[in-house]
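Everything on this sheet refers to the single structure shown next.
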There are 2 protein chains.
Amino acid sequence: MKIGELARQTGVSVRSLRYYESQGLIAPVRQANGYREYSPLAIETVESIKLYLNLGLSTEEIAGFLNCVLKNKESFCAEVMPVYQSKLEEIEKQILQLNQIKLNLEQRISSILEEQHDQDILIDKEHGRE
Amino acid sequence: MKIGELARQTGVSVRSLRYYESQGLIAPVRQANGYREYSPLAIETVESIKLYLNLGLSTEEIAGFLNCVLKNKESFCAEVMPVYQSKLEEIEKQILQLNQIKLNLEQRISSILEEQHDQDILIDKEHGRE
DNA sequence: ATAAACCCTCACATCAGTGTGAGGGTCAAT
DNA sequence: ATTGACCCTCACACTGATGTGAGGGTTTAT
């Protein structure tokens, strides 16, 4: 099948399919006219790429084990686990950082609301309200 | 004071100070020779910029209220709260996304470990072990 | 007057995947 | 033979703060 057809079947843009090829993730054969010719298995390959990209892996990381996992169960491919582990650590670090920022933001928001509240009370007093 | 001195006093690189200027965050006067001349107050300005950058705000967002907060309490500047609120939402969204990815990674890691464990048991049986 | 230590502007590189467009072939159906 | 729908490669743009380097001026002290 040609690239447009593969794009339609997988929901991945033609541009991205060419990019995956440049990153060594998929290797269509070329027809005499230069067109890429994909085997039906390419659909599965692209679906796998999508899955791994959604896990936050880079194309480079995916390239390191894609050939293996396409032919075997993931658990057979020794390259997978270390990638998962280090990505997990990375993600956890990012979550911690974001939580710290979140806390800081929340504190600053609270401070502002409190000060504004205090200010409202003062204004009320000026106007003789309680 | 000149840019190098300000950089030393604040721990911010000369490059970054020039960048902040290009983003409208700080406006030194120019000496006859073209050198930037910063007032002593610039130190405080840069410290504020650092603080807001650490809260995950962009220079553009900071530019929207920096002048106000340098002259008043934050709670006085109406522009601040909406920025904090939307940044908080953004951060929370990112945390949710990362937590989803984290869950997926953990599940895949567990699956692999289970399969490998099962496989180990099989191998043990082949070799007559328990 | 020379050297060290400043300062200036301009501009490319980083990360990574994707959009977009130019300029140009190919193929199928009319 | 023309048209529309494909396909190709190459390359710039984006996001955003910062590093880095080229090429060149200024200041200060010796």
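Chain naming here is simple, since letters A, B, ... match the order of the sequence lines and numbering starts at 1 in each.
One interatomic measurement links the two molecules: CD of E37(B) to C1' of dT27(D), which rounds to 14 Å at whole-angstrom precision. For the pair Q31(B) CD and dT27(D) C1', the computed distance is 11 Å after rounding to whole Å. Note: CZ (R36(B)) to P (dT27(D)) measures 16 Å, nearest angstrom. Per the geometry, CD belonging to Q23(B) stands 10 Å off P belonging to dG16(D), to the nearest Å.
Nucleic acid contact for R18(B): base, since at least one base atom lies under 4.0 Å from a heavy atom of the residue.
Taken residue by residue, residues 53-63 of chain B places heavy atoms nearer than 4.0 Å to DNA chain D at S58(B), T59(B).
In terms of heavy-atom proximity, I26(B) sits nearest to A42(B) at CD1-CB, 4.0 Å.
Side-chain atoms of Q9(A) and Y38(A) include no donor-acceptor pair closer than 3.5 Å.
Nearest nucleotide to the side chain of R15(B), out of dC7(D), dT20(D), dC12(D): dT20(D).
A salt bridge links R8(B) to E5(B): at least one charged side-chain nitrogen sits closer than 4.0 Å to a carboxylate oxygen. Note on K87(B) versus E90(B): salt bridge recorded, some NZ/NE/NH1/NH2 to OD/OE distance being below 4.0 Å. Using a cut-off of 4.0 Å between Lys/Arg side-chain N and Asp/Glu carboxylate O, R18(A) and E21(A) are scored as not salt-bridged.
In this model, the phosphate group of dT27(D) is not approached by any side-chain N or O of Y35(B) to a distance below 4.0 Å at OP1 or OP2.
Counting non-hydrogen atoms of other residues, nucleotides and ligands closer than 6.0 Å to CD of Q85(A) gives a total above 12. Around atom CD of E106(B), more than 12 heavy atoms belonging to other residues, nucleotides or ligands sit under 6.0 Å away.
Think of the region where chain A sits on DNA chain C: with heavy atoms and a 4.0 Å cut, that region ends 5' and 3' at dA16(C) to dC27(C).
Aromatic ring orientation, Y84(A) versus F65(A): perpendicular (interplanar angle above 60°, classes split at 30° and 60°).
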